[in-house]
There are 2 protein chains.
Amino acid sequence: MSIQMNQSLSVDCAVFGFNGKSLKVLLIERRYYAPDTRLDKLKLPGAMILDNETLPQAAYRVLEEATGLRDVYLKQMDIFSDPNRVSGEELEWINRYHGIRTERVVTVGYYALVKLDTRTVAYTTAKGAQWVDVDSIQRLAMDHKQILSAALAVLCREMLQSPVAFELLPRKFTIRALQNLYSAVLGIEIDNRNFRKKILASGFLTPTAEREQGVAHKPAQYYTFNKNAYKKALKAKLKLGFINNWRY
Amino acid sequence: MSIQMNQSLSVDCAVFGFNGKSLKVLLIERRYYAPDTRLDKLKLPGAMILDNETLPQAAYRVLEEATGLRDVYLKQMDIFSDPNRVSGEELEWINRYHGIRTERVVTVGYYALVKLDTRTVAYTTAKGAQWVDVDSIQRLAMDHKQILSAALAVLCREMLQSPVAFELLPRKFTIRALQNLYSAVLGIEIDNRNFRKKILASGFLTPTAEREQGVAHKPAQYYTFNKNAYKKALKAKLKLGFINNWRY
DNA sequence: ACAAAAGTGTTCCTCTTACACCCATGA
DNA sequence: TCATGGGTGTAAGAGGAACACTTTTGT
């Protein structure tokens, strides 16, 4: 038993997107995959840490390669450090793929939120990646299913406590779209009248001059997220009683 | 620029305790310290990861060595991965102290909450460790001041959202003690009547048969934390509307 | 005219806040 | 008897939950 020096450190990213109906996650097919093995093909995008980069830098690098996007919402969520989290055939695959020889990989899980516009979808599909419905995923390579589950849990928590939802929506969106997003991610029904009241009262939505076009019903108003209003509200909150926020 | 293989991974623990008045953190003086260097002496307890252990296992190992305690509240909080977070003299110290030769140490920060009873204080002081008022700490070895700040921020957040406060109190405690703890950690004043109403209404406190003794005022009732009641409440909550908890 | 989704108000109730005095004990 | 901190109640206001119908558009 000695201090661990021949290990590698990696990052894996659960990249989430929302298509208006359901929550998607970006999966890639691993290369160097021999069709006769029974290893799962699909995995989360990830990479080993390089000499001179921090973990967030590595995560941004992975994200940019996978989606072509910079300036994306990205957050660390958990570390997966079981010495046997990859072993056997899976460990062999890693060593072969990266041309290294390690006995253990500790990975840091990140989750990212992107706006699923046509350009991004085009980029990812050109790379052979897929946006898969999170509810339909049964198995993934290595322990990536576990990493994905952890990311989903964190996403739920964050959505209830900060306005990360807007990272998943286009710049202009309808209140219904926002509501559907909450509904889909959290798996709950939300009363439209109360939701609308609450979200409008917050002052974080700015109405635009535009409305939906070509829909067979009353066209909906488009809004944008007012980041400044949110920041101001945060600062104001800090001065007041924190203790308000207790929940049991 | 190559995949990082000669790095080390470590854990550092911010161990918090509460003496009834103020929040303390456990600091140790580093050994192999040459009095003529200008390196700071005090640091958080920490260790390198061994071959066959997970990060939480390493953290528990550190904690047991530092405090003699098992079954302690311990939680991962952040990763410090700047390639230069330890360098120069500090890096030399690490290599000398551990008898290794690494160019980079990524560390995972944990925070722990312990009950500051006489036995624990005796154990730690026998080991030459100190319980230091968190507010009085200006500098620490390496980037440990930064790690401590991160831990404090997480502690504040957690205290507002889950009943971790009880980890810092003895099994039997007065409501005042609980209130003082919140007050001290969060740095706010709390109305005693409202606090008492709220905490008692939660049903998480069970009164004991005991009261304070030998105090020059009306003796206070002792309570214990009812973990089962809390767990039941959590489960009930899951069925209801999450959306309640929104805060902006 | 009809189908489809957008948008709108009110009532009830719970929870939060603000606030001041009496009580039990040791010295 | 006094000093000390423990312990109690109420009223006003804010915010949350439940609930059904009208509006606008395309077909």
Side-chain angles (χ1 to χ4, degrees), chain A residues 19-21 160-161 169 172-184 186 188-224 233 236-237 239-248, chain B residues 19-21 160-161 169 172-184 186 188-223 233 236-248:
Chain A
N19 67 355
K21 290 267 161 57
L160 291 170
Q161 287 172 359
L169 292 174
K172 296 177 180 183
F173 53 85
T174 65
I175 292 187
R176 260 320 152 155
L178 183 61
Q179 182 183 333
N180 289 342
L181 173 54
Y182 275 99
S183 241
L186 302 174
I188 56 173
E189 294 205 335
I190 300 174
D191 181 278
N192 174 253
R193 282 168 290 190
N194 291 337
F195 182 81
R196 176 171 276 274
K197 229 181 305 170
K198 196 164 183 173
I199 204 78
L200 286 175
S202 74
F204 301 152
L205 297 193
T206 310
T208 69
E210 293 170 58
R211 306 170 147 267
E212 281 182 317
Q213 291 196 348
V215 290
H217 57 79
K218 182 169 174 178
Q221 177 75 239
Y222 282 116
Y223 292 83
T224 58
K237 189 103 207 163
K239 293 188 187 170
L240 301 173
F242 300 79
I243 211 84
N244 308 352
N245 295 349
W246 275 24
R247 284 297 173 283
Y248 301 109
Chain B
N19 68 354
K21 290 267 164 57
L160 291 170
Q161 286 172 359
L169 292 174
K172 296 177 180 183
F173 53 86
T174 65
I175 292 187
R176 250 333 144 155
L178 183 61
Q179 180 184 335
N180 288 341
L181 173 54
Y182 273 100
S183 239
L186 302 175
I188 56 175
E189 294 205 335
I190 301 174
D191 181 279
N192 174 253
R193 281 168 292 190
N194 292 336
F195 182 81
R196 176 172 277 274
K197 229 182 304 169
K198 197 164 182 174
I199 204 77
L200 286 175
S202 74
F204 301 153
L205 296 193
T206 309
T208 69
E210 293 171 57
R211 305 169 148 268
E212 278 181 317
Q213 291 193 350
V215 288
H217 55 79
K218 182 170 173 179
Q221 176 75 240
Y222 281 116
Y223 292 83
K237 189 101 206 162
L238 285 180
K239 293 186 187 171
L240 302 173
F242 301 72
I243 212 85
N244 308 354
N245 295 349
W246 274 24
R247 284 296 174 283
Y248 301 109

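In what follows, every chain begins at residue 1, and chains take the letters A, B, ... in the order their sequences are listed. Owing to the predicted nature of the structure, the values given are computational and were not obtained by experimental measurement. Below, each value reflects all heavy atoms present in this structure, side chains not excepted, and no hydrogens, waters or symmetry copies.
- Taking the side chain of A:Pro219 as heavy atoms from C-beta on, and the options C:dC19, D:dT25, C:dA24, the nearest nucleotide is D:dT25.
- Nearest-nucleotide assignment on DNA chain C puts the 5′-proximal partner with A:Leu200, out of B:Gln213 and A:Leu200.
- Rounded to whole Å, the distance from CG on A:Leu178 to P on C:dG7 is 13 Å.
- Counting atom types as modelled, B:Lys197 pairs no side-chain N or O with a base atom of C:dT16 as donor and acceptor under 3.5 Å.
- Of all heavy-atom pairs spanning A:Ala220 and A:Thr174, the tightest one is CB-CG2, 3.7 Å.
- Rounded to whole Å, the distance from OH on A:Tyr223 to P on C:dA6 is 12 Å.
- Remark on DNA chain D: of its neighbouring residues A:Asp191 and B:Arg176, the 5'-side contact belongs to B:Arg176, judged by nearest-heavy-atom nucleotide.
- Distances from the side chain of B:His217 to the nucleotides D:dG16, D:dT4, D:dG7 place D:dT4 closest.
- Not one side-chain nitrogen or oxygen of B:Arg193 sits closer than 4.0 Å to the OP1 or OP2 atom of D:dT8.
- Spacing between atom CD of B:Gln179 and atom P of D:dG5 amounts to 14 Å, rounded to whole angstrom units.
- The nucleotide whose nearest atom lies closest to any side-chain atom of A:Asn194 is, among D:dA18, D:dG7, C:dT25, D:dA18.
- Separating the CD atom of B:Glu212 from the C1' atom of D:dT4 is a distance of 11 Å, rounded to the nearest angstrom.
- Atom CG of residue A:Asn180 and atom NZ of residue A:Lys21 lie 8.5 Å apart, to the nearest 0.5 angstrom.
- Evaluation of atom-type donor-acceptor distances gives no pair under 3.5 Å for the side chain of A:Asn192 against the base of C:dA6.
- Contact annotation: the side chain of A:Tyr223 never approaches that of A:Thr206 to less than 4.5 Å [non-hydrogen atoms, C-beta and beyond].
- What separates CD1 of B:Ile188 from P of C:dA18 is a distance of 12 Å, to the nearest Å.
- Atom P of nucleotide D:dT25 and atom CZ of A:Arg211 are separated by 7 Å, given to the nearest angstrom.
- Whole-Å rounding puts the A:Asn180 CG to C:dA5 C1' distance at 11 Å.
- For the atom pair A:Tyr182 OH and A:Ile190 CD1, the distance stands at 8.5 Å (nearest 0.5 Å).
- Dashed line: the shortest gap from a side-chain N or O of A:Arg196 to OP1 or OP2 of C:dT8 is under 4.0 Å.
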(request) Report the C-alpha separation of B:Gln221 and B:Glu212 in whole Å, then their side-chain angles, then the decisive distance to 0.1 Å, and conclude whether the side-chain contact (heavy atoms from CB on, under 4.5 Å) test is met. (result) CA-CA 7 Å; B:Gln221 176 75 240; B:Glu212 278 181 317; over 6 Å; no
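- Rounded to an integer number of Å, the gap from NZ of B:Lys218 to C1' of C:dC22 is 8 Å.
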